[in-house]
Amino acid sequence: MLETVKYLIGSAGASGYGSKSTAEQVTESCGDLSSITAIITGATSGIGAETALVLAKRGARLVLPARSLKAAEEAKARIVSECPESEIFVMSLDLSSLTSVRNFVSEFESLDLPLSILINNAGKFTHEHAISEDGVEMTFATNYLGHFLLTKLLLNRLIETAKKTGVQGRIVNVSSSIHGWFSGDLIRYLGLITRDKSHYDATRAYALSKLANVLHTKELAWRLKQMEANVTVNCVHPGIVRTRLTREREGFVTDLVFFLASKLLKTIPQAAATTCYVATHPRLLNVSGKYFADCNEATTSKLGSNSSEAVRLWSASEIMVSRDPKAVFNPLNALF
């Protein structure tokens with residue numbers, strides 16, 4: 001009850017920020033970001049667009065990958081209209097396609113740019129059951145697996161940039177408190193909904209993908225520490241906000257629910273605050289493997305803090321993104 005009251009009134013936590021803080025407010029102390037290059041997925045609308053705008057205002061060079069180049073160019077134009085000196089690159093990326101992820105990384109590397117911030121923000125809520133071109137359930141493929149491969153392929157650039165510049169690299173995975181709605185065997189459920197649409201539940205599939213983001217953060221933080229890399233990774237819950245994520249559920253019921261919940265909804269600038277805080281704030285130097293909500297460290301679900309599940313998911317993910325024809329992942333028979 002107390003936490004709900006704090007949320008509603010925007011009471012500041014230990015960080016000095018709370019649910020009512022905006023992205024611009026939390027980046028006031030981040031300094032000049034003109035030496036920083038940031039990749040932000042899902043930056044054509046909503047939280048991602050606000051994140052990109054605020055980082056541009058602080059001087060960061062932006063790379064905006066998107067499935068629709070037209071939408072990305074429009075997002076770029078909006079930023080440039082407010083920040084004429086911004087340096088922004090628009091590139092093609094469909095996160096549901098592992099081939100597209102690899103092509104994007106090759107294109108980015110050809111630019112020979114440094115990389116200090118990677119924000120894995122893009123998200124999809126698939127009401128209807130669908131399978132990606134790689135044979136993976138679409139929500140999981142887009143929200144998690146594409147970002148897993150993207151991060152894996154960009155990791156060396158992040159590490160190299162941190163070594164050359166002395167500026168700690170940061171990876172931010174945008175998850176959701178909905179990750180706590182999933183219980184059970186995540187690998188087996190992925191197999192079930194990949195093979196048989198009769199088992200598909202859109203909300204549970206979305207919760208699974210967001211849990212995967214949390215577990216990815218936990219395991220990657222451990223691996224970065226073992227490598228002694230000057231790169232951190234954290235995940236965030238942006239809060240409840242009506243964005244294009246709900247575009248497949250437009251209608252009277254959705255409108256009614258959002259109207260009734262209006263007192264709990266954040267504005268987009270408020271929803272982008274935690275991502276921007278975790279990506280830029282000096283207070284978070286060397287902080288890694290944590291989960292944040294309302295710009296303060298928070299706790300994940302019990303499953304989200306399970307190290308064994310994080311390792312198991314990582315192993316399964318490595319097989320799913322592998323180019324080795326002998327590496328065939330069967331979720332229903334997995335022994336991970």
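Counting from 1, the numbers follow the sequence of the chain as shown.
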Are R223 and E219 within salt-bridge range, i.e. N to O under 4.0 Å?
yes
Report task. Please determine, by modelled atom types, if T274 and H237 share a side-chain donor-acceptor pair under 3.5 angstrom. Result -> no
The side-chain contact (heavy atoms from CB on, under 4.5 Å) partner of S209 among L190, T126, N143, T142 is N143
dist L113:CG -> E87:CD (nearest 0.5 Å) comes out at 7.0 Å
S305 versus Y291, side-chain donor and acceptor atoms under 3.5 Å: no
Carefully, step by step, assess L111 and M91 under the rule side chain to side chain contact (heavy atoms under 4.5 Å, CB included). CA-CA 11 Å; L111 298 175; M91 298 183 193; 2.8 Å; yes
So that I can tick it off, tell me whether R312 and E309 are bridged by a salt bridge, with the cut-off set at under 4.0 angstrom between side-chain N and carboxylate O.
yes
Whether N296 side chain and Y17 backbone form a donor-acceptor pair below 3.5 Å:
yes
Tracing side-chain contacts under 4.5 Å among Ile, Leu, Val, Met, Phe, Trp and Tyr outward from V90 reaches L69
Can a salt bridge be assigned to the pair K70 and E74 using a cut-off of 4.0 Å between side-chain N and carboxylate O?
yes
Determine whether a donor-acceptor pair (N or O, by modelled atom type, separation under 3.5 Å) exists between the side chain of H129 and the backbone of I193. yes
Looking only at atom types and distance, does a side-chain atom of D32 sit under 3.5 Å from a main-chain N or O of S34, one as donor and one as acceptor? yes
Exactly one candidate in I117, V172, V174, V26 meets side-chain contact (heavy atoms from CB on, under 4.5 Å) with V278; the answer is V172
- Message: Would the distance check show the side chain of K124 and the main-chain N or O of M138 forming a donor-acceptor pair, the cut-off being under 3.5 Å?
- Response: no
In short, side-chain hydrogen bond (donor to acceptor under 3.5 Å, both in side chains) pairs touching residues 145-156 with sequence neighbours left out are T41-H147, N120-T151, K152-E318
- Query: Does E24 offer a backbone N or O that forms a donor-acceptor pair with the side chain of R58 under 3.5 Å?
  - Reply: yes
Donor-acceptor contacts, no H, no angles, side chain residues 228-236, under 3.5 Å, sequence neighbours left out:
unit_1	atom_1	unit_2	atom_2	d
N230	OD1	Q168	NE2	2.9
N234	OD1	G289	N	3.2
N234	OD1	K290	N	2.8
N234	ND2	V287	O	2.9

